[in-house]
Engineer: 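So that we are looking at the same thing, I have put the structure below in C-alpha cells.
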Amino acid sequence: MLVRRAVAADAGELARLRQLSLTCPAVPWTRPRAAPDGPWVKECQEAIEAMLRDQETAAAFVVDAEPGRLAACAMGLLLPRLPGPGSGKPFNGDISTVATDPECRRRGYARAVVTALMDWMTVSGCKRISLASSPEGEPLYASLGFAYDDPRMSWQAR
C-alpha cells in the first residue's frame with residue numbers, strides 16, 4: 001500500500017470521500033447513507049483545492065484505489081496556538097476528515113493515512129491533535145492513542 005500526500009488535483013475525489021463520511025441519519029431499519037448532493041459539494045472541492053495549495057498548515061494523505069479514484073483519505077489542519085506552561089509548540093492539529101470508500105474498507109487504509117497525517121502534524125510542531133469520531137472509528141483512534149480528555153463546548157451560527 002502506498003500512502004502519498006494529496007495534491008490539488010485530488011480535490012474532487014477528496015470531496016467525494018468527505019461526502020461519504022458525512023452520513024445522514026438513517027431510519028431504524030436502514031443503513032446510514034452519504035450526505036446528499038448539493039452546492040456544498042462543489043464548495044467543498046474548491047475549499048480542499050485551496051487547502052492543499054497551502055503546504056504549511058494543511059495536508060491530506062491518501063491511498064489510491066486506481067488512477068483517478070481514491071480508496072481512503074485523512075485531511076487535517078495545523079491551528080496556531082499560544083504557548084503555555086505545557087508547550088511552546090506553535091500548533092494544535094485538527095483532523096477534519098477520515099474516509100474510506102466502502103469498497104476498500106477493512107484493509108488498513110484508514111490507519112495508514114491517519115498515521116501519515118499524524119506524523120506530518122508532529123514534525124510540523126503539533127503538541128495536540130484532535131478529531132471527532134464516529135462510533136465505527138473509535139477503536140482505530142483509541143489504538144493510535146486518542147482519548148476523550150477535552151471537555152470543550154462549541155457554538156454554531158444558525
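Positions are given from 1 along the sequence. Keep in mind that the numbers below use all heavy atoms, side chains included, and drop hydrogens, waters and symmetry copies.
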Engineer: Hey, what do you get for CZ (Arg18) to CH2 (Trp40), rounding to the nearest 0.5 Å?
Structural biologist: 6.5 Å
Engineer: Test: side-chain hydrogen bond (donor to acceptor under 3.5 Å, both in side chains). Region: residues 50-72. Which pairs qualify, not counting sequence neighbours?
Structural biologist: Arg4-Asp64, Asp54-Thr57, Arg69-Asp101
Engineer: Taking all heavy atoms of Cys126 and all of Asn92, pick out the closest pair and write down the distance.
Structural biologist: SG-C, 3.6 Å
Engineer: Between CG of Leu117 and CZ of Arg5, what distance do you get to the nearest 0.5 Å?
Structural biologist: 9.0 Å
Engineer: Within this structure, what is the CZ-CG distance for the pair Phe61 and Asp10, rounded to the nearest 0.5 Å?
Structural biologist: 12.0 Å
Engineer: For Leu70 and Arg16, work out which heavy atoms get closest and say how close.
Structural biologist: O-NH2, 3.1 Å
Engineer: State the CZ-CG distance between Phe146 and Leu131, to the nearest 0.5 angstrom.
Structural biologist: 4.5 Å
Engineer: I'd like to know whether Met75 forms a side chain to side chain contact (heavy atoms under 4.5 Å, CB included) with Leu52, so could you lay out the CA-CA distance, the side-chain angles of the two residues, the decisive distance to 0.1 Å, and finally the verdict.
Structural biologist: CA-CA 10 Å; Met75 294 185 271; Leu52 293 177; over 6 Å; no
Engineer: Give, for atom CG of Leu77 and atom CD1 of Ile129, the distance between the pair rounded to the nearest 0.5 Å.
Structural biologist: 12.0 Å
Engineer: Could you check if a side-chain atom of Val98 sits within less than 4.5 angstrom of a side-chain atom of Ser21, using non-hydrogen atoms only?
Structural biologist: no
Engineer: Distance check, rounded to the nearest 0.5 Å: Glu136 atom CD versus Thr100 atom OG1?
Structural biologist: 11.5 Å
Engineer: Which atom pair, heavy atoms only, marks the closest approach of Ala71 to Cys104?
Structural biologist: CB-SG, 3.7 Å
Engineer: Under the side-chain hydrogen bond (donor to acceptor under 3.5 Å, both in side chains) rule, what pairs show up with a residue in residues 102-114, not counting sequence neighbours?
Structural biologist: Arg111-Ser143
Engineer: Considering residues at least two apart in sequence or located in another chain, which fulfil the side-chain hydrogen bond (donor to acceptor under 3.5 Å, both in side chains) criterion with Glu138?
Structural biologist: Tyr148
Engineer: Taking the side chain as every heavy atom from C-beta outward, state whether Leu17 and Thr97 have any atom pair closer than 4.5 Å.
Structural biologist: no
Engineer: Write down the atom of Val113, the atom of Ala72, and the distance for their closest heavy-atom approach.
Structural biologist: CG1-O, 4.2 Å
